[in-house]
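What follows is one structure encoded as structure tokens, with my remarks underneath.
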Amino acid sequence: MKANEEFFLDNYSRVILQALFILFSLLIAVYFGPYIEMSKFEPVLSTLQNVSAAVFTLAGIWIAYSYPEAIASFTDPQKINIIKGTDNYKRIKSLVLTIFASSFFLISILLINITRPIIEVFNLPAENIIPFKCGYLGFVIYIVLVQLYAISKIMISNFSFVYNIGKKKTEREIEDDLSQ
């Protein structure tokens, strides 16, 4: 497969996944939004903030530990080395996108926390607040879904790492047995 085709298919699947997350979030928000108190989501936002910070940190540590040449290229663009192996490139790309997603969540939570009190100051009638409640609920559901996806990517990356170590260990043991 050509590199352009692979790039297109990879990004196309991400767009489809995000569209499904948005569609699901909107459906839930429209159906349940008018009946839910926004204050009920404060623990969810707090948990999202903590999880986002943890995922952000874990992904950064994985990149720094596993691919020090990638970190060197961030601090000094003149030292960009080509990352060896397609698997390594894909793993770094996945981790960097996870860091980006966690950054997005942290920014989103900050914006929600600053916007909500401003909207509440206006003391809008109940029928006028419904679109805000639906939007709030939909956005919270969306960032929960994307955060769950980011966590699963970290878990898959960890599993892949452990699998590759086990595979290399087995290969070395076989080579040692054959050389004796």
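Of all the heavy atoms in Pro34 and Ala29, the pair that sits closest is CD-O, 4.0 Å. The two atoms that bring Ser39 and Pro43 nearest to each other are O-CD, 4.2 Å, heavy atoms only. Taking every heavy atom of both residues into account, Ser25 and Leu145 meet most closely at OG-CD1, 3.8 Å.
We find the CD-CD distance between Glu175 and Glu173 to be 11.0 Å, quoted to the nearest 0.5 Å. Atom-to-atom distance recorded for Leu58:CG and Met155:CE is 12.0 Å, nearest 0.5 angstrom. A distance of 7.5 Å separates CZ of Phe139 from CG of Leu111, quoted to the nearest 0.5 Å. Here the straight-line distance linking atom CD of Gln18 with atom OH of Tyr149 works out to 8.0 Å at 0.5 Å rounding. With values rounded to the nearest 0.5 angstrom, Leu23 atom CG is found 10.0 Å from Ile28 atom CD1. Rounding to the nearest 0.5 Å gives a distance of 11.0 Å between CG of Leu45 and CG of Asn50.
Counting heavy atoms from C-beta on, the side chains of Gln147 and Ser52 come closer than 4.5 Å. Between Cys134 and Ile130 the shortest side-chain heavy-atom distance falls below 4.5 Å. Contact annotation: the side chain of Phe105 never approaches that of Leu48 to less than 4.5 Å [non-hydrogen atoms, C-beta and beyond]. Side-chain contact between Ile143 and Phe104 is present, with heavy atoms from C-beta onward closer than 4.5 Å.
Both Ile141 and Phe32 sit in one connected hydrophobic cluster of ILVMFWY residues. Membership requires side-chain heavy atoms under 4.5 Å apart, directly or through other members. Residues Leu26 and Leu17 are members of one and the same hydrophobic cluster, defined by side-chain heavy-atom contacts under 4.5 angstrom among Ile, Leu, Val, Met, Phe, Trp and Tyr. Tracing side-chain contacts under 4.5 Å through hydrophobic residues (I, L, V, M, F, W, Y), one never reaches Ile156 starting from Ile99; they form parts of separate clusters. A single hydrophobic cluster is not seen to contain both Ile22 and Leu97; linkage of ILVMFWY side chains at heavy-atom distances under 4.5 Å, directly or through other members, places them apart. At a threshold of 4.5 Å between side-chain heavy atoms, the hydrophobic network of Ile, Leu, Val, Met, Phe, Trp and Tyr places Leu106 and Val146 in two separate groups.
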Problem set entry | Tyr136 vs Ile36, side chain to side chain contact (heavy atoms under 4.5 Å, CB included): CA-CA, chis, key distance, verdict | CA-CA 10 Å; Tyr136 180 81; Ile36 293 180; over 6 Å; no
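Applying the side chain to side chain contact (heavy atoms under 4.5 Å, CB included) test between Leu137 and each of Phe132, Tyr35, Phe41 identifies Phe41 as the sole match. Looking at Val44, Thr47, Val51 one by one, the single match for side chain to side chain contact (heavy atoms under 4.5 Å, CB included) with Val144 turns out to be Val44.
At distances below 3.5 Å, not a single donor-acceptor pair connects side-chain atoms of Ser46 with backbone N or O atoms of Glu42.
Enclosure of atom CD1 in Ile114 is not indicated, since only 12 or fewer non-hydrogen atoms of other residues, nucleotides or ligands lie within 6.0 angstrom. Residue Glu37 qualifies as open at atom CD: its count of foreign heavy atoms under 6.0 Å is 12 or below.
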